[in-house]
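When a residue number appears, it is its place in the shown sequence, counting from 1. All heavy atoms count here, side chains included; hydrogens, waters and symmetry mates do not.
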Amino acid sequence: MSQPLILASGSEIRQVLLRNAGLAFEVEKPRVDEETVRHAMQAEGAPPRDVADMLAELKAQKVSAKFPAALVIGCDQVLAIDGEIFAKPETRDEARAQLEKLRGAQHRLISAAVICEGGRPVWRKIGVVKMTMRDFSDAYLDAYLDRNWDSIQHSVGAYKLEEEGVRLFERIDGDYFTVLGLPLLELLWFLGNRGVIET
């Protein structure tokens with residue numbers, strides 16, 4: 001019997017990506033105070049990629065402690081621009097402010113994935129994508145927020161590339177799956193090598 005696979009994330013898009021790739025897995029949401037960890041690491045001057053990596057590892061470890069025989073996938077995504085890290089917008093006004101800062105500029109999306117087994121990391125990948133937003137009008141920004149707020153309020157940077165958010169961009173340098181929050185190709189390669197999935 002194949003080793004159980006657990007996704008330690010409530011992210012719908014990550015579940016869709018794994019399901020579409022033909023993986024059988026369970027979902028177990030970890031209880032991690034992401035905001036406290038993020039603020040503490042930023043106060044210590046940790047780079048954004050380390051923040052994403054640490055949060056992904058903490059999520060995987062938390063669930064792995066409960067299910068030591070399984071391979072547990074923990075994930076986190078961080079948006080960084082000019083040394084600042086964005087969190088998910090809590091209000092429509094905050095979403096607008098984030099998009100105003102991103103407009104006409106380049107930012108980085110950093111997606112970390114860590115797999116734990118028996119409470120210990122056995123694999124990790126940090127993917128980085130450079131995202132350049134076009135200089136869209138204020139009128140489009142307001143109309144975009146009106147149409148999409150219900151969906152984007154759960155997304156860092158207030159956009160989803162798989163939805164209307166793609167219209168905000170003029171250039172994307174990097175892996176599409178990393179943009180969606182999961183370095184999928186590298187993850188599948190590892191699972192194939194471990195014999196969890198057919199290759």
A quick test of your reading: do over 12 heavy atoms of other residues, nucleotides or ligands sit less than 6.0 Å from NZ of Lys88? no

Is the shortest side-chain heavy-atom distance between Arg124 and Asp53 below 4.5 Å? yes

Side-chain touch Ser111/Leu180, heavy atoms, less than 4.5 angstrom: no

Residue pair Leu79 / Ile85, side-chain heavy-atom distance below 4.5 Å: no

Atom CD of Glu26 with >12 non-hydrogen neighbours under 6.0 angstrom: no

Considering all heavy atoms of both residues, which atom of Ala52 and which atom of Asp76 are nearest to each other, and what is their separation? O-CB, 3.5 Å

Specify the closest pair of heavy atoms between Ser137 and Arg103, including all atoms of both residues, with the distance to one decimal. C-NH1, 3.8 Å

For Arg120, I'd like to know if atom CZ has over 12 heavy atoms of other residues, nucleotides or ligands within 6.0 Å. no

Is there a side-chain contact (heavy atoms from CB on, under 4.5 Å) between Ile6 and Phe25? Walk through the geometry before answering. CA-CA 5 Å; Ile6 298 174; Phe25 62 96; over 6 Å; no

Which atom pair, heavy atoms only, marks the closest approach of Ala80 to Pro48? CB-CG, 3.7 Å

Pair Glu28 + Lys62, salt bridge at N-O below 4.0 Å: no

Looking at Glu35 and Arg38, is any side-chain nitrogen of the basic one under 4.0 Å from a carboxylate oxygen of the acidic one? no

Candidate pair Leu102 and Phe86, rule side-chain contact (heavy atoms from CB on, under 4.5 Å), full reasoning: CA-CA 10 Å; Leu102 298 174; Phe86 283 7; 3.9 Å; yes

With rounding to the nearest 0.5 angstrom, report the OG1 to CG distance, Thr178 to Leu109. 9.5 Å

Does the pair Val156 and Val78 meet the rule for a side-chain contact (heavy atoms from CB on, under 4.5 Å), with working shown? CA-CA 7 Å; Val156 64; Val78 164; over 6 Å; no

Would you indicate whether the side-chain heavy atoms of Tyr159 and Val166 approach each other to under 4.5 Å? no

Just checking, is any N or O donor in the side chain of Ser9 or Lys59 under 3.5 Å from an acceptor N or O on the other one? no

Gln3 and Glu117: side-chain donor and acceptor closer than 3.5 Å? yes

In short, Pro121 meets Val114 closest at the heavy-atom pair CB-CG1, 4.0 Å

Could you tell me the separation between the CG atom of Leu5 and the CZ atom of Arg194, rounded to the nearest 0.5 Å? 10.5 Å

So that I can tick it off, tell me whether Arg92 and Asp150 are bridged by a salt bridge, with the cut-off set at under 4.0 angstrom between side-chain N and carboxylate O. no

Count the heavy atoms belonging to other residues, nucleotides or ligands that lie under 6.0 Å from CH2 of Trp189, then report whether that count exceeds 12. no

Any side-chain heavy atom of Leu18 within less than 4.5 Å of one from Leu182? yes

If you group Ile, Leu, Val, Met, Phe, Trp and Tyr by side-chain heavy-atom gaps below 4.5 Å, do Leu161 and Leu99 land in one group? yes

So does Ala87 get a backbone contact from the side chain of Gln98, meaning a donor-acceptor N/O pair under 3.5 Å? yes

Using side-chain heavy atoms (C-beta onward) and a distance below 4.5 Å, is Asp175 in contact with Leu185? yes

Looking at CZ of Arg171 and CE of Met131, how far apart are the two atoms once the value is rounded to the nearest 0.5 Å? 12.5 Å

Measure the CG-OG distance between Asn148 and Ser155 for me, rounded to the nearest 0.5 Å. 10.0 Å

When you measure from the centre of the six-membered ring of Tyr140, is the NZ or CZ of Arg134 closer than 6.0 Å and no more than 45° off the axis? yes

Identify whether Leu168 and Ile13 are in the same connected component of the hydrophobic contact network (ILVMFWY, side-chain heavy atoms under 4.5 Å). yes

Minimum heavy-atom distance Ala105-Lys101, with the two atoms named: CB-O, 4.2 Å

Any heavy-atom pair between the side chains of Asp50 and Met54 that's under 4.5 Å? no

At what distance, to the nearest 0.5 angstrom, does CG of Leu145 lie from CD1 of Ile152? 5.0 Å

Validation row: Asp138, Arg96 side chains within 4.5 angstrom (heavy atoms): yes

Look up atom CD in Gln15 and atom CG in Leu23, then write down how far apart they are to the nearest 0.5 Å. 12.5 Å

Nearest heavy-atom pair of Ile115 and Leu191: which atoms, and what distance? CD1-CD2, 4.3 Å

So, Glu170 versus Thr132: side-chain donor-acceptor pair below 3.5 Å or not? no

